[in-house]
Amino acid sequence: MRTHRCGDIRLEHAGETVTVCGWVDGRREHSQHLAFIDLRDYAGIVQVVVDGNHDLRSEYVARITGTVAARLDGTANANLPTGEIEIRDCTVEVLSTAEAPPFPMDERTDVDETIRLRHRYVDLRKKRMQKNLRTRAVVNSAIRSAMEEQGFVEVETPMLIASTPEGARDFVVPSRQKPGNFYALPQSPQIFKQLCMVGGIDRYYQIARCMRDEDLRADRQFEFMQLDMEASFVTQEDVFGFISHAIAGATEAVTGERPTEIPRITWDDAMERFGSDKPDTRFGMELVNLTDLFAETEFNAFKADRVMGIRMPGGAEFSRSKLDDLTDMVKRWGGKGLVWMKVEAAEGEQGGLTLNSPVAKFCSEAELAGIAERLEAEEGDVLFLVADRKRRTQHLLGLLRIELGRPPVTEGGFNYLWVVDFPLFEDINDDGKPVPAHHPFTMPHPDDIEVLETAEGEALLDVRSQAYDLVLNGWELGSGSVRIHRSDVQSRIFDILGIGAEEAQLKFGFLLDAFKYGAPPHAGFAFGIDRVTALLAGEENIREVIAFPKTQSGADPLTKAPTPIDTSHLTELGLQVLPEEEDFS
RNA sequence: GGUCCUGUGGUGCAGUUUGGAGUGCACGCCGCCCUGUCAAGGCGGAGGUCGCGAGUUCAAAUCUCGUCAGGACCGCCA
C-alpha cells in the first residue's frame, strides 16, 4: 500500500513519487486553496500539502500519493527530521475516518492514566509508547542473543502447573475435568528449570511470563516477564558472568553504552550502609552507625539496640512542618520516632558547629560532638537519627534516605549492583523455626555449612547462602542462587525449617524424586524484563513499558477484566460463588 | 490489611482554606474567514449531575460522614 514510511522521507527523495499511509497528526488549514497535513506513522511525521477541500481531521487514516519536494526557502522546520521536504500534488484516500481522540495526542499533556488505559489503542500511537514498546523489543532481542551466544537453550515450561503452598499467592485455574481441583499459574518456572538440569539440558533459558496474586505497585504487575536461566556444572561466579553478559547486551542495545563490570556488595554491607537489600547507589547519604556513642547515654530514646543516622546536605532549610511530616512518615513506617538536628554555626568567637534540635538538651556534649563528627556534619545540613532494633533502624533510615535523596529515574546513569551473601534465613518465627530468605533449595555458603550443622535459634541468622540479587538504581531486578543438589544437605535444611520428610515429599516430592536420579550441581537466576526496560526507557513505572497493563487494583480499564462469568460456566467447573461477606462491625 | 494524595465540559488546570447563581484559563471539538503553516492565525459557537450517596445549612464544587475509581507508599511479593 505504501512506498515509504512517513518519517523516513528526506531531501534525497526530492522529485520521487511516493505513497505514504498513516494517521492525521494535525492540520493547518489556510484556505480552500491550501492546507498542511501532518501524516504520522511509527517512523515519524511528514508534511503533506493539499488544498483545503479535503476533509482530513485528527486521527483520520489516510493513504497519500504525491511528489516529494524541497520546502520553499525559509519554511524548513529544523525540529522535524523530515522538515526539509513536503509531499505535494497529492492524491488523498481516506482509509478510515475517526472521532476526535479522547485525549490530546501531543506529548506535552500528562493525561490521567485511567483514561489512557481505557483507550490504550489510541495511547499506543503516541511517541512515548511507540518508543517504549520498541525499547522493550530491543531488550528482549539483545537478551536472547546474549543467552544463545553463551550456549543456552530456550525451553518453554507449562503455564498450568500444580499449586505450591510456599511463596506468593497463586493465581488458580479451575479444572473442568476434575471439578474441585485447580491448576496454578506459575510464579516462576523454578521447579521446571531445575528439572531441566536433571534432564541434561545443561544450559536453559526462557523469557518467561510469571504470575503472582499480590498487591500491585509501580514496579509490580500481576503478570510480568523474566529472563529465567539455569545452568549445570557452574558456580555462582559463572552465573554472574552469564547474567552480566545479558544485561550488558541489553543496556548497550538501548543506550549505545556497554556497562563496565558490575560491582558487588554483601547483603550485610548493603543493610548497614543503605538500609536496604536493593540499594540505590546513585547517591550518597549513607547510614552511619552511632550506637557506641550512646552506650551510657542519659537519653532514654537512644537506649536502644541500634542508633544510626544520615546526613541530608542543605536540609537545615527544612521548615518545622516539613520535619514534622517526615517524623510522621517514619512513624507510619513503624518507627517510634525520628530525631532531627540542624547543623548551625556555633555562637561565640571559637566558631565551630552546633546541633539545633528539640532533643539536644537530653544529649551530652560528647554525644553531640560525636554525632557531628561521625556524620561529617557541615553547616546547613540536617541530621536524622533513629534508635530501634537493628533491622528496623536500618530499614527506617533506608526508607528515609530514599524519600529524601533519590534522584529522578533519568538521572545518575545505570548503577547495576550485585548483592551477594544473602542470609539463608531472614527471621525466626514464633515456633522458633527459621524463615527461609529464598526458596528452601538454596545452597548455604560453603564457609557456613559447618555452622549450619550445629547452630540453633538466633545463630542461624548468621548463616549465609549462595543467593544473590541484581539491583539497578534501587530496583531489585532479580535474584538467583546456587541450588542444593545433595540430598543430605537438603534433608538438613528441611529439618531446620521444620519440614518433615512426609511434608517435604508432599510439597516437593517430584523434585526430590528427580534428584534421586542423578542431579548435576546447578545454579540460576531470573531478572525482570519489565523493570529493566522501564529504567532503561527512563520510566518510573513498569506500566509505561507494558502494552496492556492493569491498574493498582488489578483491573483493566479497557477490557473491564476481571468480570463475572455465567452460572452455567461455573457449574461446569463445579464452582459456586459465595455471597459477599457482610460487615457487622 | 494499613497510611497518604487526587477526582470540576472531550483533555489539562484554577476555583474548595474563609459555603453565596456552574465562575474562569489553556488545549481540543463544530462552523465561517484566511495561499506557507508547523503548539499556525482571526471571528463565532456548542459542550459540565463539580465521581457517587447521605448529612449539616436559608444556601454545598466548597464543611462532615460514607462509598466508588485512580495513584504513591508500608505490609505482602519464599
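Below, chains carry the letters A, B, ... as their sequence lines are ordered, and counting in each starts from 1. Every heavy atom of this structure was used, including side-chain atoms; hydrogens, water molecules and symmetry mates were not.
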Student: Using the C1' atoms only, state how far B:U23 lies from B:C77, rounded to an integer number of Å.
Tutor: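 About 48 Å, rounded to a whole number of Å.
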
Student: Let me know the distance between CE of A:M105 and P of B:U11, rounded to the nearest Å.
Tutor: 15 Å

Student: Taking N or O atoms only and anything under 3.5 Å, show me the protein contacts with nucleotides 39-43 of chain B, one pair per line.
Tutor:
from, atom 1, to, atom 2, distance (Å)
B:A39, O4', A:R108, NH1, 3.4
B:A39, N3, A:R108, NE, 3.3
B:A39, N3, A:R108, NH2, 3.0
B:A40, N6, A:E29, O, 2.6

Student: With 3.5 Å as the limit, what N/O pairs link the protein to nucleotides 4-10 of chain B?
Tutor:
from, atom 1, to, atom 2, distance (Å)
B:G10, O2', A:P102, O, 2.8

Student: Salt-bridged, A:D325 to A:K322, with N to O below 4.0 Å?
Tutor: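 No.
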
Student: Between B:G71 and B:A59, how many Å separate the two C1' atoms, rounded to a whole number?
Tutor: 34 Å

Student: Would you indicate what A:E59 reaches in the nucleic acid, counting non-hydrogen atoms under 4.0 angstrom: base, sugar-phosphate, or nothing?
Tutor: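 No contact.
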
Student: A:D55 CG to B:C29 C1': how many Å, rounded?
Tutor: 13 Å

Student: Check this for me, if you would: do A:E223 and A:R209 make a salt bridge, where the nitrogen-to-carboxylate-oxygen distance has to be below 4.0 angstrom?
Tutor: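 Between A:R209 and A:E223 there is a salt bridge, with a charged N closer than 4.0 Å to a carboxylate O.
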
Student: Nearest to the A:E214 side chain among B:C77, B:A78, B:C38, which nucleotide is it?
Tutor: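 Of the candidates, B:C77 comes closest.
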
Student: Using purine N1 to pyrimidine N3 plus N6-O4 or O6-N4 for Watson-Crick, or N1-O2 and O6-N3 for G-U wobble, each under 3.5 Å, what pairs with B:G48?
Tutor: none

Student: Taking A:E426 first and then A:R391, would you say they form a salt bridge - that is, a charged N and a carboxylate O separated by under 4.0 Å?
Tutor: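 Salt bridge: no.
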
Student: Hey, is A:K278 close enough to A:D469 for a salt bridge, meaning N to O under 4.0 Å?
Tutor: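 No salt bridge links A:K278 with A:D469.
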
Student: Tell me: CD of A:E99 to C1' of B:G28, nearest whole Å?
Tutor: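 From A:E99 CD to B:G28 C1': 14 Å.
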
Student: When the P atoms of B:C65 and B:U56 are considered, how many whole Å apart are they?
Tutor: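 Between the two P atoms, the distance is 15 Å.
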
Student: Considering every strand shown, what is the Watson-Crick or G-U wobble mate of B:A26 when both distances are under 3.5 Å?
Tutor: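 Base-paired to B:U11.
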
Student: What I want to find out is whether A:E544 reaches A:R116 closely enough, with some N-O distance under 4.0 Å, to be called a salt bridge.
Tutor: yes

Student: When the ring planes of A:F222 and A:F171 are compared, do they come out parallel, tilted or perpendicular, using 30° and 60° as the limits?
Tutor: perpendicular

Student: Remember a base hit wins even if backbone is also touched, and classify A:A437 as base, sugar-phosphate or nothing at under 4.0 Å, heavy atoms.
Tutor: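 It contacts sugar-phosphate atoms only.
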
Student: Partner of B:C63 by Watson-Crick or G-U wobble geometry, both contacts under 3.5 Å, or none?
Tutor: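 The base-pairing partner of B:C63, which may sit in any strand shown, is B:G55.
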
Student: Under 4.0 Å between a Lys/Arg side-chain N and an Asp/Glu carboxylate O for A:K550 and A:D556?
Tutor: no

Student: Please give, in whole Å, the distance from B:A78 P to A:L424 CG?
Tutor: 16 Å

Student: Whom does B:A72 pair with, Watson-Crick or G-U wobble, provided both distances fall under 3.5 Å?
Tutor: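 Across any shown strand, B:A72 pairs with B:U3.
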
Student: Classify the angle between the aromatic ring planes of A:F384 and A:F318 as parallel (below 30°), tilted (30 to 60°) or perpendicular (above 60°).
Tutor: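 Judged by the thresholds at 30° and 60°, the geometry between A:F384 and A:F318 is tilted.
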
Student: Is A:D110 touching bases, backbone alone, or none of the nucleic acid, heavy atoms closer than 4.0 Å?
Tutor: sugar-phosphate

Student: Strictly below 4.0 Å, N to O, side chains only: are A:R10 and A:E84 in salt-bridge contact?
Tutor: no

Student: Charged N to carboxylate O below 4.0 Å: is that the case for A:R28 and A:D38?
Tutor: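 Counted as a salt bridge, because a side-chain N and a carboxylate O are separated by less than 4.0 Å.
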
Student: Between B:U37 and A:Q47, counting only base atoms on the nucleotide and side-chain atoms on the residue, is there a donor-acceptor pair under 3.5 Å?
Tutor: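 Answer yes: a donor N or O sits under 3.5 Å from an acceptor.
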
Student: Indicate, with a heavy-atom threshold strictly under 4.0 Å, whether A:H119 touches base, sugar-phosphate, or nothing.
Tutor: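 Since no nucleic acid heavy atom lies under 4.0 Å of A:H119, the category is nothing.
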
Student: Using a 4.0 Å heavy-atom cut-off, does A:D106 contact any base of the nucleic acid, only the sugar-phosphate backbone, or nothing at all?
Tutor: nothing

Student: From CD of A:E476 over to C1' of B:A78, roughly how many Å is that when rounded to an integer?
Tutor: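 Rounding to the nearest Å, CD of A:E476 and C1' of B:A78 are 12 Å apart.
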
Student: Would you call A:R406-A:D280 a salt bridge at under 4.0 Å N-O?
Tutor: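 Salt bridge present between A:R406 and A:D280.
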
Student: So what does A:A467 touch, heavy atoms closer than 4.0 Å: a base, only the sugar-phosphate, or nothing?
Tutor: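 No contact at all - A:A467 keeps every heavy atom at 4.0 Å or more from the nucleic acid.
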
Student: Do A:E403 and A:R401 meet the salt-bridge criterion of a basic N to acidic O distance under 4.0 Å?
Tutor: no

Student: Is A:R212 salt-bridged to A:E214, cutoff N-O under 4.0 Å?
Tutor: no

Student: Salt bridge or not between A:R306 and A:D388? Use side-chain N to carboxylate O under 4.0 Å.
Tutor: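 A:D388 and A:R306: not salt-bridged.
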
Student: In whole Å, measure the gap between the P atoms of B:A60 and B:G55 for me.
Tutor: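 Roughly 12 Å separates the two P atoms.
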
Student: Tell me the partner of B:A21, counting only Watson-Crick (N1-N3 plus N6-O4 or O6-N4) or G-U wobble (N1-O2 and O6-N3) with both under 3.5 Å; none if nothing fits.
Tutor: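 Pair assignment: B:A21 / none.
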
Student: Classify the side chain of A:R220 versus the base of B:C77 as yes if they form a donor-acceptor pair under 3.5 Å and no if they do not.
Tutor: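 Checked by distance alone, the answer is yes.
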
Student: Taking the P atom of each, how far is B:C33 from B:A21, in whole Å?
Tutor: 40 Å

Student: Which atom pairs link the protein and nucleotides 69-73 of chain B when you take only N or O atoms and keep those under 3.5 Å?
Tutor:
from, atom 1, to, atom 2, distance (Å)
B:G70, OP1, A:T551, OG1, 3.0
B:G70, OP1, A:S553, OG, 3.1
B:G70, OP2, A:S553, OG, 2.8
B:G71, OP1, A:Q552, N, 3.0
B:G71, OP2, A:Q552, N, 2.7
B:G71, O3', A:R543, NH2, 3.2
B:A72, OP1, A:N541, ND2, 2.7
B:A72, OP1, A:R543, NH2, 3.0
B:A72, OP2, A:Q552, NE2, 2.7
B:A72, N7, A:Q552, OE1, 3.4
B:C73, OP2, A:A218, N, 3.4

Student: Applying a 3.5 Å limit to both distances, which nucleotide forms a Watson-Crick or G-U wobble pair with B:G31?
Tutor: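 B:G31 is paired, partner B:C43.
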
Student: Figure out the CG/C1' separation between A:D25 and B:U37, and round it to whole Å.
Tutor: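 In whole Å, B:U37 C1' and A:D25 CG are 14 Å from each other.
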
Student: May I have the distance from A:R169 (atom CZ) to B:C77 (atom P), rounded to whole angstrom?
Tutor: 9 Å

Student: Please work out if A:S58 contacts a base, only the sugar-phosphate, or nothing of the nucleic acid, heavy-atom cut-off 4.0 Å.
Tutor: sugar-phosphate

Student: Is there a Watson-Crick or G-U wobble partner for B:A78 with both distances under 3.5 Å, and which nucleotide is it?
Tutor: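 The answer is none; no pair meets the criterion.
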
Student: For nucleotides B:C27 and B:A39, find the distance between their P atoms and express it as a whole number of Å.
Tutor: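 Roughly 14 Å separates the two P atoms.
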
